[in-house]
Each structure stands twice: as C-alpha cells, then as structure tokens.
Amino acid sequence: MQRLVMLARLWMTACLVLLPGFVSAETLPTPLPMTEIAEGVFVFAAPHELAAPGNADAIGNAGFVVGNEAVAVIDTGGSRQAGLALLAAIRARTDKPIRYVIDTHVHPDHLLGNTAFRLPGVTIVGHANLPEALSARAGTYLSATRRLIGEAAFAGTEAVAPTLLVKDRLDLDLGGRRLLLEAWPTAHTNTDLTVLDEKTNTWFLGDLLFAGHVPALDGSLMGWIAVIDTLRSRPAARVVPGHGPAAMPWPAAADPMRRYLTRLRDDVRAMIAEGRTLREAAERAGQSERDNWQLFDEFNPRNATSAFHELEWE
C-alpha cells in the first residue's frame, strides 16, 4: 500500500510539472515558516517591516486551511517570490489541491503573491469591490513594489484580481470543512473580507485587525471603529490579524487597536474644532500612542491626514 501511495504521488507531481503555469518543487524558494494554530490551520506571522529586497514584501500575515479534499489560501504576500515561498510551505505539509485563494483586501503586501497561484483549478476570491479597486491602483502598486524590493525579488509579479466575488456572505467547501467569507462596509479599506473556519472557530480578520504594527487607515476611520465593534460582539476561539502574531484571543486582541483609532478620532476632532491645520494634525494627532506601536512614524501621519479629511465634514 505504501508503495502504491508513493507511486501515485510521484505520478501527480510529474503531471503537475507539465501543466501550464505550474512551478515544480525544484524551483520553489525556501518555505515561509508556518505555525499550526489549530487543526489544519497554518499561519505565517510576518515581521513588522517595510517592503525591502530582504523580505520580498512578505510583510503581511498569510495562511492556509486544509480540508479533507482541498486547501484554501488566505492572502499571498506582496510579490510572486513571496507567493512561491507560501506555496512551498503548503506543499511541505500537504499534496491536496489548492482550490481557493482568498484576498482579505486590496493592499499589495497581501495579494501581489496571487501571481504564484495561477494554477489549474485555483479560484481567486475577494470582496465585490476588489477588482475595481485593484485595477485603479495596480500600476502604482507594481511600480512601488519593484522599486522597494528590487528586480530580483519582484520578477514575474503581476496584479491578479479575484474572479469569485463576495457581496455579502459566501460559503466555501474544502471537504468536511466549511469557510464562511463575509464582506464588510468601508473600514480599513473598501475591500475588507473576513474568513471564518467553522471547524475550529478560527477567524482570519485581515487588516481589520492590527497588533504591534500601527494600524494603517485607507478607508474610513468611523467605518473602521463601527466594524471592529461589530466584530467584537461575535465569539471566536482565536483570530488571525493581518499584522501581528499568528493567533490572538478574541475579543481582547482588538482593544489596543480600538484605543488607537478612537484616540486618533478624538485628537483630530479637537484640532478641527480649534481651527488647526491639516499639517498640524499630521504632526500631532495620536502622538500619545507612539510608544505602543511599531512603524508609528511611517504610518501615523498618513492616518491623521486621512482622518482629518474625513472628520472635517462632520
């Protein structure tokens, strides 16, 4: 029996190598380090870094869930190289076919790795707003990523949009394992999607949840606070943030981020009431949170600027 299984796997590998777009095991890079946070649920906890040649823009958390019949990938990293490293990690643990790649939102560090998963039988899934949002930003994302990580790490990277879209809720079956996907109103972005593995009650929140890495606002500050409050009202055994540890307890994991967002809101509102300028808000709003977050100086001024534009019309 073991000999038959071995021969079957060798036959599958040979067939896959011949399929268009398939990357053989020999060409895959070093696998991303994964943590199994629940039965069949694996997560890469990315470093809190800016995109650079040394990380190939693998700076957002990524994961995969293994069912009885197939695998679903949740976010793919920020380049083809990052996606290939994730693919190598999957293949190191299972030879089951990858059926779905799920994008939690539009940002490049979470979906430019889709390039590595354009394989036979793989469907890319995302928020109903994602194709339009990605189309509008693809040129900027690709040129910026090439500049930041260099030609070697960037090689072959393209912006690959989802074809299966989620307007509200969608169930995906991996064989004895169901994933619940939910699209959310504008919050971190206007393309936020969450993924719940119902078997283990593990909830992938994408960048609706940041931990350690200061939140990055690219949607609506008020919308984000509202969505996080809705999320906090629901139980989960554990959650996976878009940036932070592989798994966190819920809802306690949301407390630091909600504190930051409400501090930013309150500071910006007060400065607008005082007649302060946008520049002053960018320099001063949220500063009491500085010691609580990594990459604060890189993202907080932009957050304050976005918040000012949103709140000045209240």
Side-chain angles (χ1 to χ4, degrees), residues 35-45 60-67 72-75 100-107 110 125-130 162 164-174 176-265:
T35 300
E36 187 171 13
I37 62 171
E39 181 189 352
V41 182
F42 299 85
V43 175
F44 165 64
N61 289 359
F64 61 93
V65 179
V66 183
V73 182
I74 303 164
D75 286 342
Y100 301 106
V101 165
I102 303 166
D103 296 327
T104 62
H105 63 291
V106 72
H107 286 158
H110 292 265
V125 190
H127 192 290
N129 293 339
L130 203 155
L164 178 58
L165 304 181
V166 185
K167 293 183 179 180
D168 182 18
R169 295 159 65 98
L170 177 69
D171 290 330
L172 300 179
D173 182 18
L174 302 179
R177 190 163 209 154
R178 193 175 77 154
L179 303 182
L180 171 62
L181 280 57
E182 294 180 271
W184 295 91
T186 301
H188 167 62
T189 69
N190 71 337
T191 60
D192 297 315
L193 191 72
T194 59
V195 183
L196 176 67
D197 171 43
E198 295 186 341
K199 181 175 181 179
T200 63
N201 202 21
T202 299
W203 209 2
F204 286 78
L205 298 184
D207 277 8
L208 287 171
L209 178 64
F210 280 72
H213 182 307
V214 70
L217 176 61
D218 185 27
S220 165
L221 175 61
M222 298 305 295
W224 199 348
I225 293 171
V227 167
I228 203 67
D229 285 345
T230 299
L231 296 174
R232 280 158 52 98
S233 70
R234 298 191 188 179
R238 65 196 61 79
V239 293
V240 180
H243 296 268
M248 302 181 73
W250 189 250
D255 292 344
M257 191 189 75
R258 192 183 189 284
R259 185 192 65 235
Y260 169 82
L261 295 176
T262 54
R263 170 51 53 200
L264 187 66
R265 177 198 64 193

Measure across [X] and [Y] and return the closest heavy-atom pair with its distance rounded to 0.1 Å.
X: Trp184; Y: Thr194; answer: NE1-OG1, 2.9 Å
X: Asn61; Y: Asp75; answer: O-CB, 3.8 Å
X: Ala253; Y: Val239; answer: CB-CG2, 4.1 Å
X: His110; Y: Gly60; answer: CE1-CA, 3.9 Å
X: Thr35; Y: Ala246; answer: CB-CB, 4.2 Å
X: His243; Y: Asp207; answer: CD2-OD1, 3.1 Å

Practice problem: Step by step, work out the side chain to side chain contact (heavy atoms under 4.5 Å, CB included) result for Leu130 and Leu193. | Solution: CA-CA 10 Å; Leu130 203 155; Leu193 191 72; over 6 Å; no
Self-check item: Matching residue for Ile74 among Asp197, Val101, Val195 - test: side chain to side chain contact (heavy atoms under 4.5 Å, CB included)
Solution: Val195
Practice problem: Sort out for me which residue in Lys199, Glu39, Arg177 forms a side chain to side chain contact (heavy atoms under 4.5 Å, CB included) with Val65. | Solution: Arg177
Exercise. Start with the C-alpha distance between Glu182 and Trp203, add both sets of side-chain angles, then the distance that settles side chain to side chain contact (heavy atoms under 4.5 Å, CB included), and finish with yes or no.
Key: CA-CA 11 Å; Glu182 294 180 271; Trp203 209 2; 4.3 Å; yes
Quiz item: Between Leu231 and Leu209, is any pair of side-chain heavy atoms under 4.5 Å apart?
Solution: no
Pairwise distance [atom1]([X]) to [atom2]([Y]) - rounded to 0.5 angstrom:
X: Asp192; Y: His127; atom1: CG; atom2: NE2; result: 7.0 Å
X: Thr200; Y: Ile37; atom1: OG1; atom2: CD1; result: 7.0 Å
X: Asn201; Y: Arg234; atom1: CG; atom2: CZ; result: 11.5 Å
X: Asp255; Y: Arg259; atom1: CG; atom2: CZ; result: 8.5 Å
X: Ile225; Y: Leu261; atom1: CD1; atom2: CG; result: 5.5 Å
X: Leu179; Y: Leu196; atom1: CG; atom2: CG; result: 8.0 Å

Quiz item: In terms of ring plane angle, is the pair His105 and His107 parallel, tilted or perpendicular, where the classes change at 30° and 60°?
Solution: perpendicular
Quiz item: For the side chain of Trp250 and the backbone of Pro235, is there at least one donor-acceptor N/O pair under 3.5 Å apart?
Solution: no
Quiz item: Where the side chain of His188 meets the backbone of Ala216, is there a donor-acceptor pair that is under 3.5 Å apart?
Solution: yes
